[in-house]
Every structure is written in structure tokens, then in C-alpha cells.
Amino acid sequence: MKRILIANRGEIARRIITTCKQLEIETVAVYSEADSELPYVKEADDAICIGKGPVKDSYLNMEKIIEVATNYNVEAIHPGYGLLSENGDFVKRIEQAGITFIGPNADILTLMGDKISARRAMVEAGVPVVPGSDGGVTSVSEAIQVAKEIGYPVMLKASGGGGGIGMVLCKNEQELSTSFSKIQSRAKAYFNSESVFLEKFIPNARHIEVQIFGDQNGNVIHLYERNCSVQRRNQKVIEETHSPNLSEQTREKLYEAAKRAAKAVSYTNAGTVEFIVDEAENIYFLEMNTRLQVEHPVTERICGIDLVEWQIKIAKGLEIPLQQESIKSFGHAIEFRVYAENPNNFYPSPGKISTLNWGNQTNIRIDSGYEQGNTVTPFYDPLIAKVIVHEENREQCLQVARSFFKETKISGIQTNIPLFLHILENSDFKRGSYSTNLLKQMVTN
């Protein structure tokens, strides 16, 4: 591959450009009018404006993106994460244009992108799943009946959902009745399908995921696990590896279940198998993300591996560069997602970044989509940067992160850095004994 188009924006586009430069691969970036001043636009070899600010007019415009790819003679398209990264129709159109998609094939995306079909595939593969409906539920009365069978509380979810969108916790029949039509409407608006399903809500659970890779020869490996339990609105805020206070026996169960899930669908390229782990360390399949994850840098740091480089190699038809026994981990890594948002209510805080001075600690990796003077617009997810701390152990990571964020100065917008400093002083987080309830409990208290 000599030229790759990046069908994404912000920090992940910039991240992909970095690896491509190291591999001496030219990059073609696409951008909206709202993103014209962002760093990735200037750092790509070529950059083409594809529309106005709203995603439907730009980054979700399949025809325009493929037109640019064809005009610039790219051999492959890297989708990053979010946007079109898990859209099977997009992959089919790319392949019809004779271009390689850097990711799984369309059949895998379609199968695992639908949460109902994914659950069925995992059941057939012998991977434990959260108790829930066997298929989609089409009416309130059907949902109520299923909820009675599995017991409240339940999670009502859009089948095509992701990133915390299209799901709601229902503690009783009244909440389920009130939420059903809302989730159906949201599912239709965001994922073009009204299909919804129910799962048993598991309290005080940990959200733990396993990074996997597969190649076209059927090889599958894991690159350890990440704890992603610090969440707001069902969306991750802090991720770390390895997961603290997890028994080695459960860790191995997670690795084996993730590899079994990947082999069951003949998975290729980078992917993540997500699990819920309850208080007794029972594991349950949650979903498979058929792309690179936002939090992939913590895995890169402990393994000393460039996952984007691996993605490109596998897309070229090569085997996974390392066998399972050759993959080792070193130290501990934690990622903090820095959002332009109110740290108290998590509302977005768009605006011009008038000051951006990061802390001065060593062993800090900053994947940033913005620089001082750039404007965070209201059109997209307000993630402005990811701060990744890598040290010999977790205690050192927490200490370095604390100093780093105390030194960091950002003005012109609000950020969630005050929230990080609050979390870093939380006794449960410091002990590593936290669940997905952490932020909810902190806000309540």
C-alpha cells in the first residue's frame, strides 16, 4: 500500500497519519468545513473538504468519501473508530470500487453490528452471555413479559447501538413502559432500525474488554484485557490495563472466551470483545467492537506494539506479526479521555481553545486532535485528547497522572480534568475496587 485514505477526523486521523509516515505510506485526509483548521488536515499528504459540519453532510457521506478515494488512487481506506467504521454497506461499496478496507469484512461487521445476531452467535460458540431476550422485542407487552422472566432491573437496548447510544436502565415495569417507544425511536434515528432487546442488568459489575487480532489464515491472538468501568452516560472515560483486582483464573477465562468468540465468526483484523464481570467474577459477553478502540493506546504501551501498523499488515493479507506466546506485557497503563465538557453534568462545552498547556511529566503519551487556537464545534463528539500514562505499576501511574493534570492548563472551554483529579482521590478507584457505578456514586455523594 502506497496511499491510504482516512475516513475519520480529529485525534484518530492524526494517530493513523503518524503510523503511515513511519511506514512511508502517503495519506489522504477528508474533512468538513468545520474541521478545516485541525492539525490532521495539515499533516496529511492530501486533504479534501467533503462537506459542511453535520456528519450526515460530511463524514457519513459514503459516496463522497469513495469518490475522493477513487480520484486520489488510494489502495486502502482506514475507518478509524465511530462514524462509518462498523458500517457493512460502506465496506461493500469500498470493495466494489476495488479498494481494500482496513478492518473486518462486511459479513462480520453486519453479524456483530447487530447485537441480537451477535448474542446468538456467541451462544452457539459456547461464550457465556448476559441473560436476556432470545431475539428482538417488538412491543411493550412482549418486553414486559421478558422482563418478568429475567427479573428487574433490565437494560433496554437498540440492536444496532454502540457508544452508550440507544440504551436505558429500567428498574420496574413503569420505567420499561415509558422508555420502550423512546428507545425504538432513537434506534430508528441513529441506526436505521427499530429493533430492540432486553438484557438483565448486573449491578456492581466491571466492564472489561479483551483486545483481539485475527488474520486471513485463521490465526487469532489476544493482547490482554482493559478495564473500562469508569463511564458516564454508558460511555467510557478512563481505561486501564491490566484490570486491577482481577484473579488470574478469571483473566484467562476472558482471554479464552474472547478468542473463542473471534474464531466462531472467522474474525480478521483488530477487534475487541467486551464482557461484563459480576461481583463473583462470572463473565458475560456484552458485544464485539469490529474496529480499533478509542482506548487502544494503553494496549500499545504495555505490549510495545503499533496496532495500526498491524491493521495495515493484516489488510495486506499478511499473518499476525507475533504468535501468542511471543506477546508480553510490561508495566501498567491508564488512558484518560479529555473531553470539552462540563465536569459536573457532562454537557458539551464547544468553543475556541485559547490556552492549551499540558503537564510536564515523562512517560506520558498525548493523542490530541486539537491544538491551542483550534475551535471545538458542536457537531461531533467533544473528545479533544487522550492522555496515556505508562509506568512500572499502577500506583506510579496514579501519582504521575495526578501531577500531570494539576499542571495542565486549558482555557476557553470547560474540560473534565477536574473530574479526573476528583477520581484520582477516590478511595475505591485508588484501591482498584471500582465498578461501572463509580461515577454515579461520586456524583450522588
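This one's a predicted model, so the numbers in the text were calculated from it and none came from an experiment.
- Remark: the backbone N or O of Gly82 is paired with a side-chain donor or acceptor of Ser85 at under 3.5 angstrom.
- Checked by atom type and distance alone, the side chain of Gln211 never pairs as donor or acceptor with a backbone atom of Tyr224 at under 3.5 Å.
- The two residues Ala262 and Ile212 come nearest to each other via the heavy atoms CB-CD1, 3.9 Å.
- Looking only at side-chain heavy atoms (C-beta outward), Asn363 and Val400 stay at 4.5 Å or farther from each other.
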Exercise. Starting from the C-alpha separation in whole Å, work towards a yes-or-no answer on side-chain contact (heavy atoms from CB on, under 4.5 Å) for Tyr267 and Met288.
Key: CA-CA 10 Å; Tyr267 195 85; Met288 180 184 285; 3.7 Å; yes

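- Taking every heavy atom of both residues into account, Asp306 and Val308 meet most closely at OD1-N, 3.0 Å.
- Once rounded to the nearest 0.5 Å, the distance linking CD1 of Ile6 with OG1 of Thr27 reads 5.0 Å.
- Using bins of under 30°, 30° to 60° and over 60° for the plane-to-plane angle, the ring pair Trp358/Phe404 lands in the parallel bin.
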Which side-chain N or O atoms in residues 383-390 pair as donor and acceptor under 3.5 Å with protein atoms at least two apart or in another chain?
from, atom 1, to, atom 2, distance (Å)
Lys386, NZ, Glu11, OE1, 3.4
Lys386, NZ, Glu11, OE2, 3.4
Lys386, NZ, Val294, O, 2.6
His390, NE2, Phe330, O, 2.8

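- Counting heavy atoms of neighbouring residues, nucleotides and ligands inside a 6.0 Å radius, atom NZ of Lys430 exceeds 12 of them.
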Please tabulate, one pair per line, all N/O donor-acceptor pairs under 3.5 Å involving side-chain atoms of residues 413-421, not counting sequence neighbours.
from, atom 1, to, atom 2, distance (Å)
Thr415, OG1, Ile417, N, 3.3
Asn416, OD1, Tyr339, N, 2.9
Asn416, ND2, Arg337, O, 3.0

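- For Glu309, the salt bridge (charged side-chain N to carboxylate O under 4.0 Å, His left out) criterion is met by Lys313, not counting sequence neighbours.
- By the 6.0 Å contact criterion, CG on Asn393 is enclosed, its count of non-hydrogen atoms from other residues, nucleotides or ligands being greater than 12.
- Contact check for Thr299 versus Gln293: no side-chain heavy atoms found under the 4.5 Å cut-off.
- Donor-acceptor pairing under 3.5 Å is recorded for the side chains of Asp35 and Tyr59.
- Ser58 places no side-chain N or O within 3.5 Å of a backbone atom of Ile50 that could act as its donor or acceptor partner.
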Self-check item: Test side-chain contact (heavy atoms from CB on, under 4.5 Å) applied to Val230 and Met442, step by step
Solution: CA-CA 11 Å; Val230 183; Met442 289 177 63; over 6 Å; no

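- For Glu26, the CD atom sits in a packed shell: over 12 heavy atoms of surrounding residues, nucleotides or ligands are nearer than 6.0 Å.
- Using modelled atom types, one side-chain atom of Asn374 and one backbone atom of Glu37 make a donor-acceptor pair closer than 3.5 Å.
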Quiz item: So Leu286 and Glu199, side-chain contact (heavy atoms from CB on, under 4.5 Å) or not? Walk me through it.
Solution: CA-CA 10 Å; Leu286 185 63; Glu199 281 184 342; 4.0 Å; yes

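- Nearest heavy-atom pair, Val298 versus Ile334, reported as atom, atom and distance to 0.1 Å: CG1-C, 3.7 Å.
- A salt bridge is defined here as a Lys NZ or Arg NE, NH1 or NH2 lying under 4.0 Å from an Asp or Glu carboxylate O, and Arg291 with Glu86 meets this definition.
- Taking 4.5 Å as the limit, every side-chain heavy atom of Leu292 sits out of range of all side-chain heavy atoms of Ile16.
- In this structure, the side chain of Asn289 does not engage the main chain of Thr272 through any donor-acceptor pair within 3.5 Å.
- Between Ser243 and Asn227 the shortest heavy-atom distance is OG-ND2, 2.9 Å.
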Practice problem: Given salt bridge (charged side-chain N to carboxylate O under 4.0 Å, His left out), test Lys92 with Glu95 step by step and report yes or no. | Solution: CA-CA 5 Å; Lys92 288 178 182 177; Glu95 292 171 347; over 6 Å; no

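- More than 12 heavy atoms of other residues, nucleotides or ligands lie within 6.0 Å of CD in Glu63, so this atom counts as buried by the packing criterion.
- For residues 12-43, the set of pairs meeting the ring pair (Phe, Tyr, Trp, His ring centres under 6.0 Å) definition, not counting sequence neighbours, is empty.
- Between Asp45 and Lys21 no salt bridge is recorded (no basic side-chain N to carboxylate O distance below 4.0 Å).
- Distance alone, capped at 3.5 Å, places no donor-acceptor pair between the Arg9 side chain and the Ala29 backbone.
- Summarising the geometry, atom SG belonging to Cys20 is positioned 9.5 Å from atom CE belonging to Met1; distances are rounded to the nearest 0.5 Å.
- Once rounded to the nearest 0.5 Å, the distance linking CZ of Arg232 with OG1 of Thr436 reads 15.0 Å.
- Using a cutoff of 4.0 Å between basic side-chain nitrogens and carboxylate oxygens, Glu300 and Arg365 are scored as salt-bridged.
- A 4.5 Å side-chain heavy-atom check between Asp215 and Leu318 finds every atom pair outside the cut-off.
- Screening residues 400-419 for salt bridge (charged side-chain N to carboxylate O under 4.0 Å, His left out) gives Arg402-Glu425 as the qualifying pairs, with residues at least two apart or on separate chains.
- For the pair Val55/Phe379, no side-chain contact is recorded, criterion being any heavy-atom separation below 4.5 Å from C-beta on.
- The CD1 atom of Ile238 sits 11.0 Å away from atom SG of Cys228, with the distance rounded to the nearest 0.5 Å.
- Across every non-hydrogen atom of Asn87 and Met62, the tightest pair is ND2-CE, 3.5 Å.
- With hydrogens and angles disregarded, a donor-acceptor distance shorter than 3.5 Å links the side chain of Gln372 to the backbone of Leu356.
- In this structure, Glu371 does not pair ionically with Lys42, as no charged nitrogen and carboxylate oxygen lie closer than 4.0 Å.
- No side-chain heavy atom of Lys236 sits less than 4.5 Å from a side-chain heavy atom of Arg226.
- Both the sub-6.0 Å distance and the 45° axial angle are not jointly satisfied by Arg119 relative to the ring of Tyr284.
- Side-chain N/O atoms of His242 and Glu225 include a donor and acceptor closer than 3.5 Å.
- Judged purely by atom type and a 3.5 angstrom limit, Ser368 uses its side chain to pair as donor or acceptor with the backbone of Tyr370.
- In summary, Glu67 and Lys64 engage in a salt bridge, as defined by a charged side-chain N under 4.0 Å from a carboxylate O.
- Not counting sequence neighbours, the partners of Glu281 by the salt bridge (charged side-chain N to carboxylate O under 4.0 Å, His left out) test are Arg206.
- Nearest heavy-atom pair across Leu176 and Cys170 is CA-SG, 3.7 Å.
- Within the 4.5 Å cutoff, side-chain heavy atoms of Leu322 are placed close to those of Trp310.
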Practice problem: May I have the step-by-step check of side-chain contact (heavy atoms from CB on, under 4.5 Å) for Val91 and Asn105, ending in yes or no? | Solution: CA-CA 7 Å; Val91 177; Asn105 62 45; 5.6 Å; no

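- Side-chain atoms of Glu335 do not come within 3.5 Å of backbone N or O of Glu239 as any donor-acceptor pair.
- Side chain of Ser349 to backbone of Ala340: no donor-acceptor contact under 3.5 angstrom is found.
- Within the 4.5 Å cutoff, no side-chain heavy atoms of Ile302 are placed close to those of His332.
- In this structure, a donor-acceptor pair under 3.5 Å is present between the side chains of Arg15 and Thr19.
- Counting only N and O atoms by type, the side chains of Gln311 and Asn269 include a donor and acceptor under 3.5 Å apart.
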